[in-house]
Amino acid sequence: MTESKTTGPTATEAGEERDWAAAKAFFDRLKTNKPKPPKPQYAVTIAISSRSLFNMVAEGKIYKEDGVEKYVAYQQEHDNEPLMPGVAFPLVKALMNVNARLRRLYPPDSDELFDIVLMTNNHAQVGVRLINSINHYDLTIERFCMTGGESPIGYLKAYMTNLYLSTDGEQVIEAIEEGIAAATTFASGDVENQLSDTQLKVAFDGDAVLFSDESEIIVKQHGLDTFFEHEKEFENKPLAQGPLKCFLEALGMLQRKFYAKNERMTCPIRTYLVTSRSAASSGVRVLKTLRSWGLEIDEALFLAGAPKGPLLQKIQPHIFFDDQMFHIEGAKELGTIAAHVPYGIGQKYHKGIFIEQPAKDTT
């Protein structure tokens, strides 16, 4: 997450503040019940692809089989037909609920909110149906980025993105390589009605998600006994950060807004660590790492290699992040909304078997 500066504002920043003040004055003159978007430099920005937010399987089939012109024409013909909710739809509703709580606690305006950006490589002609769908479901999404077939990844930093969710695994890898927290979403059936309406629940794997893959490399290359010895020897040395550490940090910032109002027990954000690590053999280093970062996790579940799916079925998170596809698949089978973080040595293995990676063409 972009940190606010403690020194005096630069000329550029002063100009941006004037622009925001002018925009605020303009909106204040308008009578509307629609909440205004927060300033991006203070917000927790979640960029979500249109195919994550909405179920566009049928439309995607038209695109693949009939081409872009037929796809765009179909979308225009169905401008007024709302798209069905997709895998990230319950998450967006939960984010909006947190924002509503924050606005009640910090009136009249709060800029430390979730800011949801629709980030899509759809053509602008498709935008009418997307906007109509968003308005149909009364979603608070005001910022759009429609790139007309080009990759949207180059815009993520300009939008000050804290998390990018997409169904396109290649674009997610590209985002992570740019240093942006990102994950690939997968459909898990109709789970919306099972999820909490009042509390945003986010579950994280540990190694190669919140933390780097340094410990996972030892497991893969030298086995569990060496891993346990290594973690015991270095239990007081914090693990390096992984690709989603900054997102947990952003969630913690918003949680503290509720704690400051004496609402810790009713905070609408709850975080979970769901790790294959054993507590006694390798759990101390994980907890000490979080402590050294100044971050809290609400619940830590050490499974010692047991399947994660049954625990996640009990938690019912709005999203679960893991770097290994067999954990994603196990979660999906039991109805959990899961997102793959394609990072670290785990991407070179499938069910514990090393997969030879094709050499990159350097010509």
Please test S49 against D168 for side chain to side chain contact (heavy atoms under 4.5 Å, CB included), starting from the C-alpha separation and ending with a verdict.
CA-CA 9 Å; S49 74; D168 189 323; over 6 Å; no

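Side-chain atoms of V128 and Q76, non-hydrogen and from C-beta on, never get closer than 4.5 Å to each other. Between T266 and R101 there is a side-chain heavy-atom pair separated by less than 4.5 Å. At a threshold of 4.5 Å between non-hydrogen side-chain atoms, the residues S276 and L303 do not count as touching.
Looking at R270 and Q199, their side chains never bring a donor and an acceptor atom within 3.5 Å of each other. In this model, a donor atom of one side chain and an acceptor atom of the other lie less than 3.5 Å apart for E216 and Q324.
Atom CD1 of I131 and atom CD1 of I141 lie 11.0 Å apart (nearest 0.5 Å).
With hydrogens and angles ignored, the 3.5 Å screen pairs no side-chain donor or acceptor of K201 with any backbone N or O of Q316. In this structure, the side chain of K157 engages the main chain of E178 through a donor-acceptor pair within 3.5 Å.
For S282 against R277, the heavy-atom pair with the smallest separation is O-NH1, 2.8 Å.
Electrostatic pairing of D205 and K308 counts as a salt bridge here, judged by a charged N lying under 4.0 Å from a carboxylate O.
A perpendicular orientation is assigned to the rings of Y63 and Y71, their planes being inclined by more than 60° (bins at 30° and 60°).
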